[in-house]
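Below is one structure, written out as structure tokens; comments come after it.
Positions are given from 1, in the same order as the sequence printed here. For ligands, and for the atoms within them, numbers begin at 1 and follow the listed sequence.
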Amino acid sequence: MRTTYLLILLAVAILLMFGCKETTAYGEKKMSIQKQDFGKTSEAETVDLYTLTNANGLQAEIMTYGGIARSLQVPDRDGNFADIVLGHETLDEYIKGHPYFGATIGRYGNRIAKGKFTLNDVEYTLATNNGENHLHGGIKGFDKAVWNAEQMQTETSVGLKLTYRSCDGEEGYPGNLSCIVSYTLTNDNELKISYEAETDKATVINLTNHSYFNLAGHDSGDILGNELMLNADHFTPVDEGLIPTGEIKSVKGTPMDFTTATPIGSRIAQVKGGYDHNYVLNSSDGSLALAASVYEPKSGRVMEISTTQPGVQFYTGNFLDGSNKGKGTVYNKHSGFCLETQHFPDSPNKPQFPSVVLKPGEKYTHLTVHKFSVR
Ligand code: GLA
């Protein structure tokens with residue numbers, strides 16, 4: 001009897017030591033979080049790559065460099081998996097420079113005109129990195145920071161909590177800003193990205209994720225056949241430098257109208273340069289609401305994006321020109337599309353747009369959910 005108990009105890013101890021360390025089984029398949037060394041930055045900071053796998057085999061790779069989503073494996077209607085986000089093979093390629101593939105963007109997604117804004121009567125000057133304008137947080141934005149990572153696991157999800165402290169004055173922004181970005185992959189086939197931030201001085205903030213998607217597969221050519229629905233009756237027109245004019249314009253009767261599902265390419269030739277516009281979402285009360293839905297007819301893959309944010313930047317990879325060697329492929333114009341859930345570009349200079357000011361004692365929160373299915 002005693003021997004049997006001892007044997008059971010030993011078996012449990014062995015299971016705890018080896019079985020549950022990195023991989024936990026719930027249901028039929030194994031959910032797991034795997035960590036691998038992905039190299040070092042030029043400042044000798046260690047970069048890790050985490051692979052999150054849910055119980056259905058969906059897989060997301062997240063890097064501590066830039067909080068970048070490097071790959072996302074999702075099944076088609078026949079159960080065949082493909083990587084549906086653009087990215088690079090190695091850390092060196094990311095460090096050499098890339099158009100924000102999969103990156104966490106901060107402190108401010110998209111442009112701030114001339115890199116200037118005034119808050120509480122003080123004019124702040126930000127780093128300019130897009131002609132005369134400030135884009136995606138400046139020269140060294142959050143996409144180039146190495147984030148601290150902590151694994152998260154529940155019975156129904158695997159995730160990674162990334163933290164970064166942006167110092168007062170970084171890229172010209174006021175206030176020490178503590179940020180948390182959490183990626184969670186659930187067994188309902190959702191990739192959730194949640195953001196939190198707190199400051200010790202009034203500042204402006206607009207965090208987002210810059211993944212480029214192609215639901216047919218990142219290496220399958222252009223995205224013009226992906227069908228898009230945007231839950232937005234209005235958009236914010238821009239000037240030559242892609243700065244919003246301040247107008248909120250109806251999409252009705254124009255090639256900007258995606259209120260019913262339409263192939264991305266069907267009217268793109270009528271939009272100078274391709275789509276690179278902020279849409280004003282119909283739901284803007286801060287609750288989680290459907291922003292966009294994309295369907296790719298050949299694979300049957302569907303991605304629905306819900307967000308708490310008031311806007312989404314729809315960008316059709318207009319600046320991709322073949323110079324970025326991706327994961328075993330070359331990305332040309334329109335190889336991917338982005339749906340960056342966000343506040344509107346240049347809001348710090350547009351009092352009529354929803355406020356992006358964060359004050360001490362307040363908490364910035366943002367949740368975006370990508371739900372995958374097939375049709
Ligand atoms: C955003 C901008 C684009 C471009 C890309 C990055 O989507 O709106 O104009 O700068 O990022 O290349």
Present, as a list of atom pairs with distances to 0.1 Å, all nitrogen or oxygen contacts under 3.5 Å between ligand 1 and the protein.
residue, atom, partner, partner atom, Å
ligand 1, 7 (O), His210, NE2, 3.4
ligand 1, 7 (O), Glu340, OE2, 2.8
ligand 1, 8 (O), Asn110, ND2, 2.9
ligand 1, 8 (O), Arg111, NH1, 3.4
ligand 1, 8 (O), Asp276, OD1, 2.6
ligand 1, 8 (O), Gln313, NE2, 3.2
ligand 1, 9 (O), Arg111, NH1, 3.2
ligand 1, 9 (O), Arg111, NH2, 2.8
ligand 1, 9 (O), Asp276, OD1, 3.4
ligand 1, 9 (O), Asp276, OD2, 2.4
ligand 1, 10 (O), Arg111, NH2, 3.3
ligand 1, 11 (O), His136, NE2, 2.8
ligand 1, 11 (O), His210, NE2, 2.8

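For Tyr164, the side-chain hydrogen bond (donor to acceptor under 3.5 Å, both in side chains) partners are Glu170, not counting sequence neighbours. Residues satisfying the side chain to side chain contact (heavy atoms under 4.5 Å, CB included) criterion with Val357, sequence neighbours excluded, are Leu119, Val204, Ser355, Lys359.
Put simply, the side chain of Thr199 never gets that close to the backbone of Ala202: no donor and acceptor are under 3.5 Å apart.
Residues Ser182 and Lys161 bring no donor and acceptor atom of their side chains to less than 3.5 Å of each other. Between the side chains of Tyr183 and Asn209, a donor-acceptor pair is found at a separation under 3.5 Å.
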Donor-acceptor contacts under 3.5 Å from residues 213-223 side chains, at least two apart:
residue, atom, partner, partner atom, Å
Asn214, OD1, Ala216, N, 3.1
Asn214, OD1, Asn226, ND2, 3.3
Asn214, ND2, Gly217, O, 3.4
Asn214, ND2, Ser220, OG, 3.2
Asn214, ND2, Gly221, O, 3.1
His218, ND1, Tyr331, OH, 2.7
Ser220, OG, Gly217, O, 2.7
Asp222, OD1, Leu224, N, 2.9

